[in-house]
There are 2 protein chains.
Amino acid sequence: MSTREKILNTAEALFAEKGYEGVSVRDITGKAGCNVASVNYHFGSKKGLYREVFLVKMAERSRKLQSLFWKKIGDSANPPPEQIIRSLSEAFLRSPFSEKERMIHHKLMAREAERPSEVFDEFHKKVLMPFFRSLFLMLEPHMPRRIKREQKMLYLMSIFAQIIHFNLARTMITKVTGQTYDERYIDDLIEHIVRFSLKGICGGDGRK
Amino acid sequence: MSTREKILNTAEALFAEKGYEGVSVRDITGKAGCNVASVNYHFGSKKGLYREVFLVKMAERSRKLQSLFWKKIGDSANPPPEQIIRSLSEAFLRSPFSEKERMIHHKLMAREAERPSEVFDEFHKKVLMPFFRSLFLMLEPHMPRRIKREQKMLYLMSIFAQIIHFNLARTMITKVTGQTYDERYIDDLIEHIVRFSLKGICGGDGRK
DNA sequence: GCTTACACTAAACAAACGTTTGATTGAGAT
DNA sequence: ATCTCAATCAAACGTTTGTTTAGTGTAAGC
């Protein structure tokens, strides 16, 4: 692996763990095993490194997540809502990355959702918004009819709220429920999100 | 207001906005209009200041929020689930603080939920856990019967996931839905959370 | 063999950081 | 009037910060 790549990987892990200001250039280069000046040589500045982390690594992973979702959906034109929610939960909670990498991804994303940097605007327009739009179009027919479009959007937000929360507040959930985040428990989480959200949207009991 | 209080208030606003490392002691004292040394004089260190912010201001507000919730619940021994969820949403999304103060509270809380500091453990045990426990006991009778206790806990987590998310990802939700966070929209949010969660838990349609 | 271009490094840079110091203030007690 | 004590201050402390500089090694082109 090149120095550039080593810096990129180390940086995104540290940024996710401690936030932008919580990490120094020396922390990164120290852990990556290279010189302090490498960051400025390859990325111009610390900010440039963060920008590269987000625009390259995050966007790349987002695209992978989204394409995995579409693969799970298959080629059916009108998938049932359960399949949509389940594919979404599975794609974002289980695959296709390592536990660690998934955590990095969601932490960085949550940081930006809460306090967007200059980078996030571009990312939001190009990557997130189109995905939201097509998700909404698929789910809308199954929602209560009489409510307004803006309120229907909230149903989609509620699903994402759970996915994000169950990915992020891991330490807290472990404390409250006493469960460890192993594969089996993640299956339970997915099953729960699907059932809860399906009932929430359609009013059915979430079972066949 | 005493210097001590001015520092405390300024500090919590800045910590919430930019995180612990994102704020310098000079930022705080500058905005509070006092000397740099005041922080170390009154709180021993920057860390001591953060600790005080969390253990005093946050705990105080949490207790206010919780007592507001119980006031909304009233003295009925077995409140209907709709009342529980609505009281919870209203307490945490609308009152009894200013928009700004509520934001501060939830941002700091989310930061700790994601990456707990040494302070959080105590806070969790004394303030959060007892509240969760009594909420769970009230909601449990209305949940599906056949599932395990740990899975039932997730229903409670899903409600909080939404409350936290709709408080935090404000900028993102504004971008996606195009709605501004005024009083009317917050009413819509509360109504949505109640209806979505009620159906999610009980399977009913969320209406009378 | 000389040049060019690139990846990398040790050392130094000014600025900002959290913290400490020593002096000054002003109100209350003796 | 003198002493006391907590509060506040300007100034300086030693580190750590992001960044720059000047130099080294190396492989390819001519």
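Excluded from the calculations below are hydrogen atoms, water molecules and symmetry mates; all remaining heavy atoms, backbone and side chain alike, are included. Order of the sequence lines sets the chain letters (A, B, ...), proteins ahead of strands, with each chain counted from 1.
When the P atom of C/dC17 is taken as reference, atom OH of B/Y50 falls 19 Å away, rounded to whole Å. Taking atom CD1 of residue B/I28 and atom P of nucleotide C/dA16, one finds them 17 Å apart after rounding to whole Å. A straight line from NE2 of A/H42 to C1' of C/dC6 spans 10 Å, rounded to a whole angstrom. In this entry the distance linking CZ of B/R26 with P of D/dC13 reads 14 Å, nearest Å. As a whole-Å value, the separation of A/K46 NZ from D/dT16 P is 16 Å. The distance from atom CZ of B/F15 to atom P of C/dG18 is 9 Å, rounded to the nearest whole Å. As a whole-Å value, the separation of B/I7 CD1 from C/dT19 C1' is 14 Å. For B/D27 and C/dA15, the CG to P distance is 18 Å, given to the nearest whole Å.
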Between protein and nucleic acid, restricted to nucleotides 20-22 of chain D and to nitrogen or oxygen atoms under 3.5 Å apart, what atom pairs and distances do you find?
none

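Across the helix from C/dA14-D/dT17 to C/dT30-D/dA1, the helix axis at one end is tilted relative to the axis at the other end by 20° (nearest 10 degrees, each axis from five pairs).
Looking only at atom types and distance, the side chain of A/T174 has no donor-acceptor partner in the side chain of A/Q179 under 3.5 Å away. At a cut-off of 3.5 Å, with distance as the only test, no side-chain donor of A/N35 or A/S38 sits close to an acceptor on the other residue. Inspection of the B/E150 and A/T177 side chains reveals no N or O donor paired with an N or O acceptor under 3.5 Å.
In this structure, B/E12 pairs ionically with B/R61, as a charged nitrogen and a carboxylate oxygen lie closer than 4.0 Å. At a threshold of 4.0 Å, the pair A/E112-A/R115 does not count as salt-bridged, since none of the basic side-chain nitrogens sits closer than that to a carboxylate oxygen. Look at B/D121 and A/K175 and you find a salt bridge, because one of the NZ, NE, NH1 or NH2 atoms lies within 4.0 Å of a carboxylate O, short of that distance. Contact check on A/R149 versus A/E140 returns no salt bridge, with no Lys/Arg side-chain nitrogen under 4.0 Å from an Asp/Glu carboxylate oxygen.
For the pair A/K46 and A/Y20, the cation-pi test (distance below 6.0 Å, angle within 45°) is passed.
For the side-chain hydrogen bond (donor to acceptor under 3.5 Å, both in side chains) criterion with A/E52, the lone passing option out of A/R4, A/H42, A/K57 is A/R4. For the ring-ring contact (aromatic ring centres under 6.0 Å, His included) with A/Y50, the qualifying choice from A/F43, A/F15, A/F120 is A/F15, the only one to do so.
Nucleic acid contact class of A/S45 (heavy atoms, under 4.0 Å, all strands): sugar-phosphate only.
Near-neighbour residues of DNA chain C inside residues 17-25 of chain B, defined by a heavy atom below 4.0 Å, number-ordered: B/V23, B/S24, B/V25.
Distance from the side chain of A/T3 is smallest to C/dC8 among D/dC9, D/dT19, C/dC8.
Crowding of B/D182 atom CG: a count of heavy atoms from other residues, nucleotides or ligands under 6.0 Å exceeding 12.
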